[in-house]
Visitor: 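The structure that follows is given in the form of structure tokens.
Within every chain, numbering begins at 1; the chains are lettered A, B, ... in the order of the sequence lines, protein sequences first and strands thereafter.
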2 protein chains.
Amino acid sequence: MYSDFNIAEFTQQLQNCCSRAQTKKFEKNEIITTYIKNRNQICILKNGSADLVRYDVNGNKTIVETLKENDVFGEIFFPVKTNNELFVVAKEEVEIVYFIYDEISYKCTRTCKFHETLNSSLLKLVLNKTISQNIRIELLTKRSIREKLQSYFSTLNVSGMNRTFKIPLSYTDLADYLSVDRSAMMRELKSLQEEGFIERNGSKITLRY
Amino acid sequence: MYSDFNIAEFTQQLQNCCSRAQTKKFEKNEIITTYIKNRNQICILKNGSADLVRYDVNGNKTIVETLKENDVFGEIFFPVKTNNELFVVAKEEVEIVYFIYDEISYKCTRTCKFHETLNSSLLKLVLNKTISQNIRIELLTKRSIREKLQSYFSTLNVSGMNRTFKIPLSYTDLADYLSVDRSAMMRELKSLQEEGFIERNGSKITLRY
DNA sequence: TAAAATCTGTTGCATTTGCAACAAAACTAA
DNA sequence: TTAGTTTTGTTGCAAATGCAACAGATTTTA
């Protein structure tokens, strides 16, 4: 929605400003951050991709969010009191910019031009996040695995043009993202294929409806 | 998290400012807004309660959000392109303040003190919304009805002190909120009771674990 | 206050989903 | 290149969930 907002530029300004924003690199499979303390931390993924993951008491893994270039994440988006172990894992080499909201927001001397537009920029960032979350919520409220898959496919097929696409997750991860059993999901994929709704070749899917 | 932020005061300022924010009242069961156009509308519930509801093609009802006093909602939080019929229904007499984000944000003459802090206030509002959504997402990723119920109960029992509380929804609505079948949910409530995890008296629940 | 509408509680049965397990394929690291 | 690890694909079976239906309780409306 806020495509007019240039996040790359914003990130650049953030790094130049006050030295309060830091950049850090991570290797594949490294843990970027754990959500424990209440540090009001905000992070922006400059490049690469990552998963926000939760394990519950039974050892069930859930991929809470999939993060790609220019997505924001951080403790500030979560309630202070949480029972769960939440962390962000790099899926490839990534670079992130992170800062503490309060530091950037209040403690800076409001002299640079950047600070005047800071809140407005952050607002756009967070509004975009809200929209993503609502899409996620819509998927999760779907009652059956079939509907969840269809909902997921439709997000990959945003423009409605590319009826063939590659799933950017392993099927194991996809099940953890849809919050369903993997074998049941595979079964459903098979049914969708047999009933002619999709064609499937490895991680490549073609919609046929 | 941002308890320092006084939303009542903010709403007041909003109404005084530029005449661009409007107030409106609705009776119980009236539709407050439908999410169709992309008006970048933001609403604040001044008092009362409401549900953000979706019906899918099969007629399944989902309560996407439950809204109470001082909660924000509006089209701005949803993707432009949506397949679903989304609307907000008043559960009792309500009063809302609404405005179009772009109008407030850009078109005002930036002379009043209010406008200087507008973006920062909106940011806090939206950050709080993000947190609520993450709590909602956590609930929805729970794999079983039992876990969903427990997750829901724990949000009602935030302080951890009031182990007895009244469910602010009918059981019919609760099922639509958890996105599960009502009879299956009732069965699960019965099991929880029989196994001694809860006591139940109408809409009053006492946690026993 | 009576009638209508909605909600609660419950059940039997069908369907879906989860679990456990395993072999084959694909990928990764030494 | 090879051994180890992870992913994919599949199945049988158990458990959970959904569906349909209905009676009684409760609430709303006329």
Visitor: Atom CG of A:L189 and atom C1' of D:dT8: how far apart are they, to the nearest Å?
Guide: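 Distance check: A:L189 CG to D:dT8 C1' gives 11 Å.
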Visitor: Mind calculating the distance between CG (B:N60) and C1' (D:dG18) to the nearest angstrom?
Guide: 10 Å
Visitor: Between B:R208 and B:E199, is there a salt bridge with N-O shorter than 4.0 Å?
Guide: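 A salt bridge links B:E199 with B:R208.
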Visitor: Roughly, in whole Å, what's the span from OH in B:Y171 to P in D:dA25?
Guide: 18 Å
Visitor: Closest-nucleotide mapping onto DNA chain C: is A:R182 or A:R146 further toward the 5' terminus? I mean the 5' end.
Guide: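 Residue closer to the 5' terminus by nearest nucleotide: A:R146.
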Visitor: Quick check with a 6.0 Å cut-off and a 45 degree axis cone: is A:R54 positioned over the face of A:F78's six-membered ring?
Guide: no
Visitor: Rounded to whole angstroms, how far apart are CG on B:L169 and C1' on C:dT6?
Guide: 15 Å
Visitor: What's the closest nucleotide to the side chain of A:M186 if the choices are C:dT8, D:dT8, D:dT17?
Guide: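 Closest nucleotide among those given: D:dT8.
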Visitor: Looking at A:R143, I'd like to know whether one of its side-chain N or O atoms comes within less than 4.0 Å of OP1 or OP2 on D:dC19.
Guide: no
Visitor: Can a side chain N or O of B:S183 be found less than 4.0 Å away from OP1 or OP2 on C:dT11?
Guide: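 B:S183 to C:dT11 OP1/OP2: no side-chain N or O under 4.0 Å.
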Visitor: Among B:M185, B:E147, B:K142, B:E188, find the residue that satisfies the side-chain contact (heavy atoms from CB on, under 4.5 Å) test when tested with B:L178.
Guide: B:M185
Visitor: Taking 4.0 angstrom as the limit, do A:K129 and A:E65 come out as a salt bridge?
Guide: yes
Visitor: Could you tell me whether the side chain of B:R200 has a donor or acceptor atom within less than 3.5 Å of a complementary atom in the base of C:dG9?
Guide: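 Counting by modelled atom types and ignoring angles, no donor-acceptor contact under 3.5 Å is found here.
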Visitor: By the 4.0 Å heavy-atom rule, please label A:K28 as base, sugar-phosphate, or nothing.
Guide: sugar-phosphate
Visitor: Please give, in whole Å, the distance from C:dC7 C1' to B:I63 CD1?
Guide: 13 Å
Visitor: In whole angstrom, give the distance that lies between atom CG of A:L178 and atom P of C:dT17.
Guide: 11 Å
Visitor: Do any side-chain nitrogens or oxygens of B:K190 fall under 4.0 Å of OP1 or OP2 in C:dT11?
Guide: yes
Visitor: How many whole angstroms separate atom CG of A:D181 from atom C1' of C:dC19?
Guide: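 Nearest whole value for this atom pair: 7 Å.
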Visitor: Counting heavy atoms from C-beta on, name the nucleotide in C:dT17, C:dT11, D:dT8 closest to the side chain of B:R187.
Guide: C:dT11
Visitor: Between A:I167 (CD1) and D:dG9 (P), how many Å, whole number?
Guide: 10 Å
Visitor: Just so I know, are the side chains of B:I145 and B:K148 near enough to count as touching, which here means a heavy-atom distance under 4.5 Å?
Guide: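 The answer is no; the side chains never approach within 4.5 Å.
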